[in-house]
Every structure is written in C-alpha cells, then in structure tokens.
Amino acid sequence: MTDRFETLAVHAGAEPDEISGGVSPSIQMSATFRQDAVGKPRRGYEYGRSGNPTRQALEAAIAELEGGTHGLAYSSGLAATQNLLYLLEPGDRLILSDDAYGGTWRLASKVWSRYGVQTDAVDLGDLDALAAALSGTPAPRMVWVETPTNPLLKVVDINAVARLAASAGAMTVVDNTFATPFLQRPLELGADVVMHSATKYLSGHSDVISGLLATGRDDLEERLRFHQNAAGAVPSPFDCWLVMRGMRTVAVRMERAAANAAAIAEWLAGRAEVSKVYYPGLADHPQHELAKRQMRLPGAMLSFELAAGEPAARRLAEATRLFTLAESLGAVESLIELPAAMTHLSVAGSPLEVPAGLVRLSVGIEAVEDLLADLEAALQEASA
Ligand SMILES: *Cc1c(COP(=O)(O)O)cnc(C)c1O
C-alpha cells in the first residue's frame, strides 16, 4: 500500500532509534566511527563527511517524498547546485530558465564559465526557443528548470521540457524549492534530478541553510555521491535533524500558506494602487491552466507592482508590520522584499533582470485577516 503525501511527510526516513527507541531520529554528531577490524566499520559509517546516520535519514526522507530512489543532502541549496554542475565537463552547455534564482545564474555565469561551461538563459515557457537552444552547438548537456520561477512566478511545463531535453540527449534538473514535492512531482513528470533549497519550505522555519537532491537514476546517484564526498559541502547532523523536523509539517504549512497567498493575490488584484499581480492561482495568469494541471496548489509566493512605481514599492516594503522586510522565503512567517534591490541584485544588467518596482511576498501561515490588514495599512502609508 502506498501512503499519501501527508502521511509520508510525517514518516519518511524515520526508523525509531536502534538503541533508545526514540521516535525522533538521533542527532549523531560523531565525526568518525569505530571499526571492528581494519576496513570493517561497525555499521557501515567510517567518517562523517562520507556518511552519517542523521544525514542518511534525511536523504532517505527526501528520496521518498520526491518519489525517487536516492537522496543527497548538502550544506546549502547552492552547494547542492554546485554538486550537480560537477556532472558537466569543459565545453558543455547549460540551459538555464531565464528567471532562475539569481544565485544559480551567478554560479553558472561567473564561476562555471571560468571552467569552460557555457550558460544560456532561455525562456522555458517558449518551447520553440528551447528547441532552438537544444539544437545549437555544442549540444546542451543539462536543462535547468525552475518553476514557478522567482520572482515572476512563471510556470514551466516540466513534462514538455523534459521530453524535449531527453530527445536532444540533455538531462533535466528541476529546482523544486518554490513548490515542494507536496505541490509538484518533477521526477514523475520526467525530470532526472530534483534540487531543493531546503532552507525554504522543507525546513520551513528560517532557522537552517540546507540543500537537497533527489533522483531515481542509479548512474547519477553514483557520480553525485562521489562528488558529495570529494567536494565536501555536507550539512551538519544537527542541520539534517532540523530539516527533517520541518519536513514533517510541510503539507499542512503549505496548505495554509497557499490558501493565504490565494486570498492575498485576489485582494491585491482588486486594489487601485496595484498595477499587476503575479500569482499562478489567478485566472488571468498566463499559465494558469498549466499550473492547475501540474501543481496541487499554486503555492505561497507572489509578486506585484504598484501603479506609483519603485519609490512607493520601497515605502510599502518598509511600512509593513507583520510582513518582515527580509530575503529568503518559505517559512511560517510572512516576508516582503524588493527583488531588484535585494535577492536579485546579482542579476542586474543580465537577461534575468527584474522590474525595479517589483515587490515579492513569501506568504506565511498567520491569520489571513491580519496579513490583509497589515498590507492595507502599508499600502495607505506608501501612497500617502
Ligand atoms: C534560496 C534558493 C536557492 C539557493 O539555496 P541556498 O539554500 O540559499 O543556498 C536556490 N533556488 C531557489 C529557488 C531558492 O529560493
């Protein structure tokens, strides 16, 4: 019998502790493990960078939640991304979603470019543009999808991209940070690897920096596992435990946050001060139908622009009381930010540049009436 996601989220990777029977996994801080004879580790663990029981529990959990067979944990989302990019060779080409996370673009365009990997930013919502990019030389080795995108909330058809990429011999990676496996299942849609900044929804409390990968491909797991150990960007056992604790409640948090976001998006769309709202749950969102097909719920991230432009957007972001002005996203508390001046500063002047007056909300799980009242007061202050 296959359990539903909500059940898996609570139980995935959880084996009662062998010694104490503890229901919460033990945090095993040991950096090294006793060997019974030379080269004969007692429980298969030798050295903490190569393997650790707390980390292994988290890795099993993300594999289960994404419907894969292997999970890998890292010290940050970008460390997970870096580890994936080690699959590329000099001369390879990477196709990146044209409003991908700024840090992903920075790593590809400023670091990997120095090692001979060329990155092209493509609007993955335009399958003709993708087909053209895939037929270029050298042939792309990897297509990096982010959906919904950050911060413009475009929705990309994962199955269509994965099929096109596979027919051109490229693998498909999906950054599933915004959606979580509760809302969206990239491996079932044909992706080869799923990447997460577990800093966001999976841990969900703004208290840990962490990254995860999941795949159903044994050949990729072997290479990724080699690089995880070889490059060493592994998470601490305590961080692994924190992420796992957060993952237990991801379904209920996501449900509440998405319901709040939907109500806020509708409310903003009806305000005269707001010129544009970006949220896949709105009927006038360009990929609304695709979002309904591909995602269980449209998520809890949304962006909007004010008719009065950037100065008013700045005043608004500084005027909210409950929405904390901060980078990051995906936690219980609501956050507000201006991507062009904060999270997306590193993409200024690049194809990934975002509108200066764009405001991004990460909607939390507070009472929606309080969040709306907060936005109402801040909108009034910003347009005074
Ligand atoms: C935050 C984020 C990352 C990077 O993850 P870190 O944990 O900050 O290294 C990658 N992709 C998306 C969509 C993110 O939001």
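Along the sequence shown, the residues carry numbers beginning at 1. Atoms within a ligand are numbered from 1 in the order they appear, just like the ligands themselves. Here the structure is a predicted model, which means the values were calculated and not measured.
Between Gly77 and ligand 1, at least one N/O pair is under 3.5 Å apart. Between Ser197 and ligand 1, at least one N/O pair is under 3.5 Å apart. The N/O atoms of Leu78, backbone and side chain alike, include one that comes under 3.5 Å of an N/O atom in ligand 1.
Annotation: atom 11 (N) of ligand 1 to nearest protein heavy atom, Asp175 OD2, 2.7 Å. Counting only heavy atoms of the protein, atom 4 (C) of ligand 1 lies nearest to Tyr101 CE2, 3.4 Å. Nearest non-hydrogen protein atom to atom 1 (C) of ligand 1 is Lys200 NZ, 1.4 Å.
Residue Ser210 has at least one heavy-atom neighbour below 4.0 Å for each of these atoms of ligand 1: 7 (O). Per-residue contacts place Glu146 under 4.0 angstrom from the following atoms of ligand 1 (heavy atoms of the residue considered): 13 (C). Near Ser76, with a cut-off below 4.0 Å to any heavy atom, the atoms of ligand 1 are 7 (O), 9 (O).
Residue Ala79 places no heavy atom under 4.0 Å from ligand 1.
For Leu329, every heavy-atom contact with ligand 1 shorter than 4.0 Å involves the side chain, none the backbone. Of all the heavy atoms of Ala198, none lies under 4.0 Å from any atom of ligand 1, so neither backbone nor side chain is involved. If you look at Thr199 next to ligand 1, the close heavy atoms, those under 4.0 Å, all belong to the side chain.
When all heavy atoms are compared, the tightest approach of Ser362 to Phe323 is O-CE2, 4.5 Å. Closest approach of Glu337 to Thr343, counting heavy atoms only: OE2-OG1, 2.7 Å.
Donor-acceptor pairing under 3.5 Å is lacking for the side chains of Asn260 and Glu366. A donor atom on one side chain and an acceptor atom on the other are found under 3.5 Å apart for Gln82 and Trp112. Neither side chain, Thr104 nor Glu146, offers a donor N or O lying under 3.5 Å from an acceptor on the other.
Around CZ of Arg314, the count of heavy atoms belonging to other residues, nucleotides or ligands within 6.0 Å does not exceed 12.
The cationic atom of Lys40 (NZ for Lys, CZ for Arg) does not lie both less than 6.0 Å from the six-membered ring centre of Phe33 and within 45° of the ring axis.
Atom CE of Met301 and atom OG1 of Thr177 lie 10.5 Å apart (nearest 0.5 Å).
A donor-acceptor pair under 3.5 Å is absent between the side-chain atoms of Asn229 and the main chain of Phe226, judged by distance alone.
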